[in-house]
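Shown next, in structure tokens, is the structure this report addresses.
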Amino acid sequence: MEIKRDIYLKKIIERMHNGMIKVITGIRRSGKSYLVFNIFRNYLLSQGVQQDHIIAIELDTLENAKYRDPFLILEYIKGRITDNDDYYIFLDEVQMLDRFTDVMNSLLHISNADIYVTGSNSKFLSKDIITEFRGRGDEIHIYPVTFREYMDVFTGDKYEGWSSYVVFGGLPLTLTMNSDEQKMEYLTKLFDETYIKDIVERNHISKIQELSDLIDIIASGIGAPTNPAKIESTFRSVIHSDISLNTIRTYITYLEDAFLISEAHRYDVKGRKYIGTPLKYYFEDTGLRNARLGFRQIEETHIMENIIYNELRVRGYRVDVGVVEKRAKNEDGKVAQKQYEVDFVANMGSKRYYIQSALSLPDREKREQEKASLANINDSFKKIIIVKDVIKPWYDEDGVLTMSIYDFLLDEKSLDK
């Protein structure tokens with residue numbers, strides 16, 4: 001069974017021979033190595049590239065441990081290049097290579113070499129690549145499997161697929177497992193024995209329990225407005241911990257660097273400016289989030305919101321949480337500013353979409369409640385409500401489009417229809 005990752009294959013193909021190092025980043029077990037070493041490799045072979053013109057080194061294997069030496073790996077690669085035709089260099093888990101930025105700079109001087117590297121955390125890759133290579137590193141971030149990719153190999157219908165995807169997320173290996181028990185055990189062990197262990201060892205964390213508590217707090221509150229100060233209050237009142245605000249901020253950065261979570265900032269739609277806090281945190285993979293909480297706290301409303309957020313990012317949008325202010329009378333009859341929230345403001349170039357996530361709209365009152373923030377935006381960008389209900393996409397009298405989560409996720413061009 002091969003999961004098609006056409007989104008990323010296309011991105012790689014578009015960047016071939018651009019004079020830059022293609023850096024494929026992403027959360028562990030999201031399929032980075034398979035994308036380069038199998039899917040892209042097979043593409044090159046189908047285009048007539050000879051086997052010996054693809055130099056592939058997996059640096060995390062014991063047999064290739066010697067190539068973690070910068071001088072040995074350069075000697076080996078240069079020795080493999082014997083003519084003036086194009087060569088393709090694949091390096092997996094490049095953060096294990098000593099002085100890897102120096103090695104990359106040396107490889108850039110080989111005129112007929114096209115270089116692709118993978119790694120598991122942004123501390124060693126995206127941030128350093130941007131800084132050290134000064135525009136010569138081109139990052140391609142790979143996400144866990146989308147629902148559309150999931151359904152390409154899932155054997156049931158889309159409703160069964162959604163029920164499974166909501167609980168177990170999109171890490172590719174879960175699709176090869178036959179039982180829910182096996183999936184639950186895999187995700188739980190992966191979180192504890194790989195992700196947390198990586199973060200602890202990489203950042204020399206001694207207060208492991210505080211890190212663990214922080215992850216639980218964020219996992220329990222996905223999609224809820226928060227900030228480090230609010231999290232600090234939770235530590236003090238609920239956990240009775242005296243963890244400092246700076247430590248919380250630092251730990252959150254570590255979780256982001258490991259690609260476990262990402263943050264969505266609040267954006268004042270009418271004022272056209274960012275608001276500092278609160279913000280929202282979402283998990284890169286909902287299955288890992290559920291595993292962290294022992295699969296005991298699966299609120300479909302919040303999970304659906306997280307999935308929509310991830311899908312928008314996969315499609316290349318910058319995603320913020322929108323805030324719309326309007327002067328209105330309160331219960332005392334006095335005029336005051338009232339804030340409405342737009343779940344997502346998705347931007348890409350000149351495109352913008354305002355999106356609300358609603359599990360269902362059982363009556364007119366609920367619809368008007370969900371629509372309130374959209375109705376108070378005066379610009380001409382498309383306004384959308386995404387629901388779980390199985391319906392045909394339709395526009396109401398105010399031009400607001402309502403579509404089902406299935407139409408949104410299964411059609412990559414759904415926002416433009």
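Along the sequence shown, residues carry numbers from 1. Values reported hereafter were calculated over all heavy atoms of this structure, with side chains retained and with hydrogens, waters and symmetry mates removed. Worth saying up front: this structure is predicted, and the values here are computed from it rather than measured.
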field: Test log, rule salt bridge (charged side-chain N to carboxylate O under 4.0 Å, His left out), inputs Lys351 and Asp416
entry: CA-CA 10 Å; Lys351 290 184 178 181; Asp416 296 319; 3.6 Å; yes
message: Is there a side-chain hydrogen bond (donor to acceptor under 3.5 Å, both in side chains) between Asp138 and Asn18? Walk through the geometry before answering.
response: CA-CA 9 Å; Asp138 196 349; Asn18 66 357; 3.2 Å; yes
task: Please lay out, stage by stage, how Asp213 and Gln209 fare under the test side-chain hydrogen bond (donor to acceptor under 3.5 Å, both in side chains).
output: CA-CA 6 Å; Asp213 291 336; Gln209 186 57 51; 2.9 Å; yes
query: Can you check side-chain hydrogen bond (donor to acceptor under 3.5 Å, both in side chains) on Arg367 and Ser360, steps first, answer last?
result: CA-CA 9 Å; Arg367 177 171 180 80; Ser360 65; over 6 Å; no
message: Applying side-chain hydrogen bond (donor to acceptor under 3.5 Å, both in side chains) to Arg41 and Gln51, what does each step give before you reach the verdict?
response: CA-CA 9 Å; Arg41 183 192 188 106; Gln51 287 269 13; 3.2 Å; yes
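Taking 4.5 Å as the limit, every side-chain heavy atom of Asp86 sits out of range of all side-chain heavy atoms of Asp114. The shortest distance between side-chain heavy atoms of Glu341 and Lys280 falls below 4.5 Å. Counting heavy atoms from C-beta outward, Asp407 and Ile391 have side chains that stay 4.5 Å or more apart. With contacts defined as side-chain heavy-atom distances shorter than 4.5 Å, the pair Arg28/Glu93 qualifies. You'll find the side chain of Arg289 reaches within 4.5 Å of the side chain of Leu293, heavy atoms only. With a 4.5 Å cut-off on side-chain heavy atoms, Met403 and Ile386 count as touching. Residues Ile307 and Thr286 are in side-chain contact: their nearest non-hydrogen atoms beyond the backbone lie under 4.5 Å apart. Side-chain contact between Arg236 and Asp242 is present, with at least one heavy-atom pair separated by less than 4.5 Å.
Within the cation-pi definition used here (under 6.0 Å to the ring centroid, within 45° of the axis), Arg313 does not qualify as a partner of Phe259. Geometrically, Lys22 engages Tyr116 in a cation-pi contact, judged by NZ or CZ lying under 6.0 Å from the ring centre and within 45° of the ring axis.
The main-chain N or O of Ser357 is found under 3.5 Å from a side-chain atom of Asp343 such that the two form a donor-acceptor pair. In this structure, Ser212 contributes its side chain and Ile208 its backbone to no donor-acceptor pair below 3.5 Å. Distance alone, capped at 3.5 Å, places no donor-acceptor pair between the Gln47 side chain and the Leu44 backbone. In this structure, the side chain of Arg68 engages the main chain of Leu59 through a donor-acceptor pair within 3.5 Å. With Gln356 contributing its side chain and Glu370 its backbone, the two residues share a donor-acceptor pair below 3.5 Å. Using modelled atom types, one side-chain atom of Thr188 and one backbone atom of Met184 make a donor-acceptor pair closer than 3.5 Å. In this structure a side-chain-to-backbone donor-acceptor pair under 3.5 Å is missing from Ser164 to Gly161.
Under a 4.0 Å N-O distance rule, the pair Lys197/Asp192 does not qualify as a salt bridge. The pair Arg148-Glu412 meets the salt-bridge criterion, with a side-chain N (NZ, NE, NH1 or NH2) lying under 4.0 Å from an Asp/Glu carboxylate O.
For Phe90 and Phe37, the gap between ring centers is short of 6.0 Å. For His302 and Tyr282, the gap between ring centers reaches or exceeds 6.0 Å.
Aromatic ring pairs are classed by plane angle as parallel below 30°, tilted from 30° to 60° and perpendicular above 60°; the pair Phe283 and Phe191 is tilted.
The OG atom of Ser414 lies 7.5 Å from the CD1 atom of Ile384; values are rounded to the nearest 0.5 Å. With values rounded to the nearest 0.5 angstrom, Ile12 atom CD1 is found 4.5 Å from Ile24 atom CD1. In this structure, CD on Glu299 lies 14.0 Å from CE on Met304, to the nearest 0.5 angstrom. Atom CG of Asp398 sits about 9.5 Å away from atom NZ of Lys383, to the nearest 0.5 Å. Note: Lys11 NZ to His141 NE2 = 9.5 Å, rounded to the nearest 0.5 Å. Atom CG of Asn64 sits about 8.0 Å away from atom CD1 of Ile73, to the nearest 0.5 Å.
With a 6.0 Å radius and a threshold of 12 heavy atoms from other residues, nucleotides or ligands, Phe71 has its CZ atom at or below the threshold. More than 12 heavy atoms of other shown residues, nucleotides or ligands fall within 6.0 angstrom of atom CD in Glu63. The number of heavy atoms from other shown groups lying within 6.0 Å of NE2 (His17) is above 12. Shown here is Gln182, whose CD atom has more than 12 heavy atoms of other residues, nucleotides or ligands within 6.0 Å. More than 12 heavy atoms of other residues, nucleotides or ligands lie within 6.0 Å of CZ in Arg315, so this atom counts as buried by the packing criterion. Heavy atoms from other residues, nucleotides or ligands lying under 6.0 Å from NZ of Lys270 number more than 12.
No side-chain N or O of Tyr87 forms a donor-acceptor pair with one of Asp52 less than 3.5 Å apart. Side-chain polar atoms of His265 and Glu263 form a donor-acceptor pair below 3.5 angstrom.
Of the options Tyr165, Phe154, Phe168, a ring pair (Phe, Tyr, Trp, His ring centres under 6.0 Å) to Phe147 is made by Tyr165 and by none of the others. Val269 pairs with exactly one of Asn378, Val323, Asp320, Val324 by the side-chain contact (heavy atoms from CB on, under 4.5 Å) rule, that one being Val324.
A pairwise comparison of heavy atoms in Phe295 and Ile298 identifies O-CD1, 3.9 Å as the closest pair.
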